[in-house]
2 protein chains.
Amino acid sequence: MSGKRSLIRSGTTVDQMVRAIGDRIVTGYLRPGEKLDETSLAARFEVSRTPVREALGQLSAMGLVERRPNRGAIVAVVTQEHLASMFESMAELEAICASFSAERMTSSERRGLEIEHQASARMVQLGAEEDYEYFNTEFHSRLYRGAHNAHIHELTVMTRSRLAPFRRAQFMLPGRLAKSWQEHDLIVTAIMRGDSVAAGKAARDHVSIVSEASAVFAADDRKPIRRDVA
Amino acid sequence: MSGKRSLIRSGTTVDQMVRAIGDRIVTGYLRPGEKLDETSLAARFEVSRTPVREALGQLSAMGLVERRPNRGAIVAVVTQEHLASMFESMAELEAICASFSAERMTSSERRGLEIEHQASARMVQLGAEEDYEYFNTEFHSRLYRGAHNAHIHELTVMTRSRLAPFRRAQFMLPGRLAKSWQEHDLIVTAIMRGDSVAAGKAARDHVSIVSEASAVFAADDRKPIRRDVA
DNA sequence: GAGGCAAAAAGTGCATGCAATTGCCTCCGG
DNA sequence: CCGGAGGCAATTGCATGCACTTTTTGCCTC
């Protein structure tokens, strides 16, 4: 009833719910610890509880939400310690991708990386944070694809999305934009040389620095919502 | 089987289904490509289709099953290429764990690793493959825990379980048992020395060898069931 | 006024039912 | 004999309903 939602139904309803809820978590609209009430979500998206339940289950399997039997679901709360472990993992994963990329990227992939990277330099000059963020995402995606390893790609993207809520504000730190570009430059140069060791090290260092930049905000994000602890 | 399962219902029904179906996939009882019919599974486990559906959704999120909208679910079919990428990832993940372990294991963890490793030597002498497999699993688990990084631990266990169907027969190769132990020995020695580079390399090599040993069987496992391509 | 118990309210977990989509089989035309 | 269109059976997708668990609230007692 109610819905002519059937018109915009691209995939299955469950998939849409996974994306919809997942996006809200990843973008920080839903904060860690926030209660995810099945009935409200169902009402909010004008579907029944069944697809909502399935979506929550899948998001739980992905680690984005936490499910307590008979006690509802909440947006996954990550401890400071677990957050650190995710950043550390991310650094290693990026290092692997960069390292593999240095060895395996096709010449057209190398060319594309170089071109995009140079294009992003303009964004730095303009101080266009929003636009730079787009190039930044694209840059890292190219690294993941360039590794030519589907599974590493999957693990990396997954980890990246779980870290997304804690990375958003990183470019607000003054001078971060230019510094990020320089770090990217080190990675690109190493990849162009086919120097896998240097590429790996540069990528690891890059993430480590982002990690430290984000830690500041992570502390803020941790305690705000805690309705169930009273 | 087919029992009064309601008595032993420890977690939620969905969790049990995830474990039950997941186990059957991981242990190879359900083969890649095999159709997972919701109704049959529901009947088989004496539950309704709802928890089966949710379980399939979660297993799909984990990559163990593949879901085609409106067309049912099948046990995930991995191409030769994707399998190779998983083994390669596994090698890198194990390398990271071993490397971190070399740096971070507590002295009691080091002691435990050493003791278990020596104990497993007996299994090699006896040629007790079943028992050695237990020690082998435990050995790797210790490496994952010793890395003191929850997220890497998670990624590694996940990847390992997805590879499980293709690793089962590895110890059937003659002499594999003794060779495996020697490879473990290299890792242990490096960890004891706190040599993270050597530990990482030894772990990576270990997995690479397992990978090659398994490739033989993977080829067999790939085509058997293909009901939907006719 | 505080603490504890009990009953009700809220919310989750699973089963069942119905609509919709898919795949197959049949039948017809070429 | 082969190719295609239409209908039928089977299966998936989602909604609804009921039972059980948890939490809250109100009352009674101390």
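Convention: sequence-line order gives letters A, B, ...; per-chain numbering from 1.
Listed by chain and residue number, nothing satisfies the side chain to side chain donor-acceptor pair (under 3.5 Å) test with B:Ser141 (two or more places apart in sequence, or in another chain). Taking the side-chain contact (heavy atoms from CB on, under 4.5 Å) definition, one finds that A:His148 meets it with A:Arg104, A:Thr106, A:Glu109, sequence neighbours left out. For B:Ser208, there are no side chain to side chain donor-acceptor pair (under 3.5 Å) partners two or more places apart in sequence or in a different chain. Residues passing the salt bridge (charged side-chain N to carboxylate O under 4.0 Å, His left out) test with B:Arg162 are A:Glu154, sequence neighbours excluded. For A:Asp131, the side-chain contact (heavy atoms from CB on, under 4.5 Å) partners two or more places apart in sequence, or in a different chain, are A:Met123, A:Ala128. Listed by chain and residue number, A:Arg24, A:Phe45 satisfy the side-chain contact (heavy atoms from CB on, under 4.5 Å) test with A:Ala20 (two or more places apart in sequence, or in another chain).
Residue A:Asn70 has its side chain nearest to D:dT22 when only D:dT12, D:dT22, C:dC14 are considered. You'll find that the side chain of A:Glu38 is closest to C:dG13, out of C:dC14, C:dG13, D:dC14. Among C:dA15, D:dC14, D:dT11, the nucleotide with an atom closest to any side-chain atom of B:Asp37 is D:dT11.
The distance from atom CE of B:Met17 to atom C1' of C:dA15 is 14 Å, rounded to the nearest whole Å. Nucleotide D:dC14 holds its P atom 7 Å from the CD atom of A:Glu54, rounded to whole Å. Rounded to an integer number of Å, the gap from CG of A:Leu36 to C1' of C:dT12 is 14 Å. One atom, CG of B:Leu41, and another, C1' of D:dT11, lie 13 Å apart when rounded to the nearest Å. The CG-C1' distance, from A:Leu56 to C:dG13, rounds to 13 Å in whole Å. Atom CZ of A:Arg53 and atom C1' of C:dG11 are 10 Å apart (whole Å). Whole-Å rounding puts the B:Lys35 NZ to D:dT11 P distance at 6 Å. Going from atom CD of A:Glu46 over to atom C1' of D:dA15 covers 14 Å, rounded to whole Å.
Remark: side-chain polar atoms of A:Ser85 are paired, donor with acceptor, to backbone N or O of B:His151 under 3.5 angstrom. In terms of modelled atom types and a separation under 3.5 Å, the side chain of B:Arg110 and the main chain of B:Ile191 share a donor-acceptor contact.
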What are the atom names and distances for every N/O pair under 3.5 Å that joins the protein to nucleotides 7-10 of chain C?
none

Show me the protein contacts with nucleotides 16-18 of chain C, counting only N or O atoms at under 3.5 Å.
residue: C:dT16; atom: O4; partner: B:Thr50; partner atom: OG1; Å: 3.2

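A tilted orientation is assigned to the rings of A:Phe139 and A:His117, their planes being inclined by 30° to 60°.
Helix-axis bend for the helix from C:dG1-D:dC30 to C:dG30-D:dC1: the local axis fitted to the five terminal pairs at one end deviates from that at the other end by 10°, rounded to 10°.
With respect to B:Glu54 and A:Arg67, a salt bridge is recorded, a charged nitrogen being found less than 4.0 Å from a carboxylate O.
Annotation: proximity of residues 59-67 of chain B to DNA chain C (heavy atom, distance under 4.0 Å) is found for no residue.
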Which atom pairs, donor and acceptor, lie under 3.5 Å between side-chain atoms of residues 94-103 of chain A and protein residues at least two apart or in another chain?
residue: A:Glu94; atom: OE1; partner: A:His140; partner atom: ND1; Å: 3.0
residue: A:Glu94; atom: OE2; partner: A:His140; partner atom: ND1; Å: 3.1
residue: A:Glu94; atom: OE2; partner: A:Tyr144; partner atom: OH; Å: 2.5
residue: A:Ser99; atom: OG; partner: A:Ser196; partner atom: O; Å: 3.4
residue: A:Ser101; atom: OG; partner: A:Cys97; partner atom: O; Å: 2.9
residue: A:Ser101; atom: OG; partner: A:Leu143; partner atom: O; Å: 2.9
residue: A:Ser101; atom: OG; partner: A:Ala147; partner atom: N; Å: 3.4
residue: A:Glu103; atom: OE2; partner: A:Ser196; partner atom: OG; Å: 3.3

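Pairs passing the salt bridge (charged side-chain N to carboxylate O under 4.0 Å, His left out) check and including a residue from residues 140-150 of chain B, sequence neighbours excluded, read B:Glu116-B:Arg142, B:Glu138-B:Arg142, B:Glu138-B:Arg145.
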**Item:** Chi angles and distances behind the side-chain contact (heavy atoms from CB on, under 4.5 Å) call for B:Val207, B:Glu88
**Value:** CA-CA 8 Å; B:Val207 177; B:Glu88 191 176 60; over 6 Å; no
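Side-chain contact between B:Ile25 and B:Glu34 is absent, with no heavy atoms from C-beta onward closer than 4.5 Å.
In this model, the phosphate group of C:dG11 is not approached by any side-chain N or O of A:Arg71 to a distance below 4.0 Å at OP1 or OP2.
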